[in-house]
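Reviewing the structure listed below.
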Amino acid sequence: MIELEGVPELIDPVMVAAFEGWNDAGDAASGAVAHLDREWKGEVFAALDAEDYYDFQVNRPTVWLDNGVRKITWPTTRLSVVRIGGAKPRDLVLVRGIEPSMRWRSFCNEILGFAHELGVEMVVVLGALLGDTPHTRPVPVSGVTSDADLARTMDLEETKYEGPTGIVGVLQEACTHAGVPAVSLWAAVPHYVSQPPNPKATLALLNRLEDLIDIRIPLGELPEDARAWQLGVDQLAAEDSEVAEYVQTLEEARDTADLPEASGDAIAREFERYLRRRDPAAGPAAEPGDGSYLRDTSSGLTRPPKRKDSAAEEPPAAPPEPGDPGDDAPEAQGPPEAPEPPQA
């Protein structure tokens, strides 16, 4: 039995979760939950026992000094709660951690135990994968669910994916079997610039989350960081003609695939989203970010693979197969992809 002390009765709570590792290309998903926790000053009320779920040779603890006293921080998953004020207040339960090394079913059951005790109405799991998408275009974000009724009522895709999956897919299926409505949102990160952070992908996930659960998220400096990130990648790409040509190929394929979406209804929906996100009380624009994440230009871009002549005529292909989930290579940050985000 999970006993929660010091947690007030929650209002229409939604659980939002993200996990570092295989499901978190560019740290986009974990960065989104970290942003929510930071902007709304989340209060941690629980942490899972690291001994139960993590291999410390894979996810090592860190040592730090607190007024001269050495302390150790263990890799784990923590839960915090934030309250969104306004005319219709509601609460978010934020789950932020690392994909576990072992005992995934017990891990998911423990998360579901908290969700049950807190009266969570829906679980939203954020993920990010590597894909053939250009950094110059809006970040594609897919919303998927295993629940056919939920797919219809919330305008989501019903996943048909078959293949290897990560903790995002396992947790979503555990929620479905437990009768808890669950959705996952997946952002596609350009595979040729996969090193974290990716504020543009983080921003896209937060915008999609706003639409999904009808809340207004304070974005702080994130939009400016996203613009600085794109300008930095533009500059790096311009210095390599092969990369620049590859990006142009991806742009042409993306624009061709997006043409059917350029309808009056699609434009109207985007305009409505823009209006919902406007907040006259949000204060002055954020100061430009320092772009510190762009300083390492020597490894900023991954050279594109050789492509066939017909590549520009086809939609973007699925991202490359990753290696071992424990591999430190950038390709291991995104799960393998059929046309849909990986789920079951």
Side-chain angles (χ1 to χ4, degrees), residues 2 15-38 42 44-66 69-80 93-115 123-130 164-174 184 186-187 189 191 194-199 201-202 205 293 296 299 319 321-336 341-343:
I2 296 175
M15 179 177 281
V16 181
F19 304 95
E20 299 173 18
W22 204 59
N23 311 270
D24 193 24
D27 289 355
S30 59
V33 173
H35 178 88
L36 296 174
D37 192 68
R38 182 171 55 252
V44 175
F45 65 85
L48 277 60
D49 190 343
E51 291 279 349
D52 291 339
Y53 304 113
Y54 295 102
D55 179 347
F56 298 137
Q57 289 182 322
V58 176
N59 297 291
R60 292 186 177 273
T62 57
V63 143
W64 56 288
L65 294 176
D66 182 12
V69 179
R70 290 172 65 84
K71 295 187 176 181
I72 293 179
T73 298
W74 297 93
T76 189
T77 294
R78 294 178 172 84
L79 290 84
S80 59
V93 178
L94 304 179
V95 181
R96 183 186 175 204
I98 305 169
E99 183 176 67
S101 306
M102 62 197 78
R103 303 182 69 222
W104 284 22
R105 286 176 291 186
S106 297
F107 180 88
C108 292
N109 287 338
E110 194 163 349
I111 297 292
L112 281 169
F114 283 109
V123 175
V124 181
V125 196
L126 306 182
L129 50 86
L130 299 178
T165 189
I167 194 61
V168 171
V170 172
L171 178 57
Q172 178 172 330
E173 290 308 303
S184 60
W186 288 91
V189 172
H191 67 83
S194 59
Q195 78 278 9
N198 188 319
T202 293
L205 281 171
Y293 41 80
D296 184 9
S299 60
E321 286 287 331
D324 187 327
D327 196 328
D328 289 330
E331 287 78 9
Q333 296 183 27
Q343 288 300 306

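Keep in mind that what you see is a predicted model, and the values were worked out from it rather than measured.
Across all non-hydrogen atoms, the minimal contact from A25 to L130 is CB-CD2, 3.6 Å. The two atoms that bring R70 and L65 nearest to each other are CG-CD2, 3.2 Å, heavy atoms only. The shortest heavy-atom contact between A174 and L112 is O-CD1, 3.6 Å. Heavy atoms only, all atoms of each residue included: D52 and M102 are closest at O-CG, 3.7 Å. Nearest heavy atoms, P61 versus I72: CB-CG2, 3.7 Å. Between G166 and N23, the shortest heavy-atom distance links the atoms CA-OD1, 3.4 Å.
Although no hydrogens or angles enter the test, the distance criterion places no donor-acceptor pair under 3.5 Å between the side chain of D27 and the main chain of P197. Distance alone, capped at 3.5 Å, is enough to place a donor-acceptor pair between the T76 side chain and the L48 backbone.
N59 meets the side-chain contact (heavy atoms from CB on, under 4.5 Å) test with Y54, P75, I98, S101; sequence neighbours excluded. Under the side-chain contact (heavy atoms from CB on, under 4.5 Å) criterion, R105 pairs with no residue at all, not counting sequence neighbours. Remark: F107 pairs with F19, Y53 by the ring pair (Phe, Tyr, Trp, His ring centres under 6.0 Å) rule, at least two apart or across chains. Every side-chain contact (heavy atoms from CB on, under 4.5 Å) that T62 has, sequence neighbours left out, goes to T73. Among residues two or more places apart in sequence or in another chain, the ring pair (Phe, Tyr, Trp, His ring centres under 6.0 Å) test is passed with W74 by F56. Evaluation of the side-chain contact (heavy atoms from CB on, under 4.5 Å) rule for A201 yields A28, V139, A187, V189, N198 as partners, not counting sequence neighbours.
Going from atom OG of S30 over to atom CG of L205 covers 10.0 Å, rounded to the nearest 0.5 Å. Taken from OG in S106 to CG in D49, the straight-line distance is 12.0 Å, to the nearest 0.5 Å. Here I167 contributes atom CD1 and Q172 contributes atom CD; the two are 12.0 Å apart, rounded to the nearest 0.5 Å. A distance of 8.5 Å separates CE in M15 from CG in L171, rounded to the nearest 0.5 Å.
Counting heavy atoms from C-beta on, the side chains of V95 and T77 come closer than 4.5 Å.
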Passes side chain to side chain contact (heavy atoms under 4.5 Å, CB included), T165 versus E173? Steps please. CA-CA 11 Å; T165 189; E173 290 308 303; over 6 Å; no
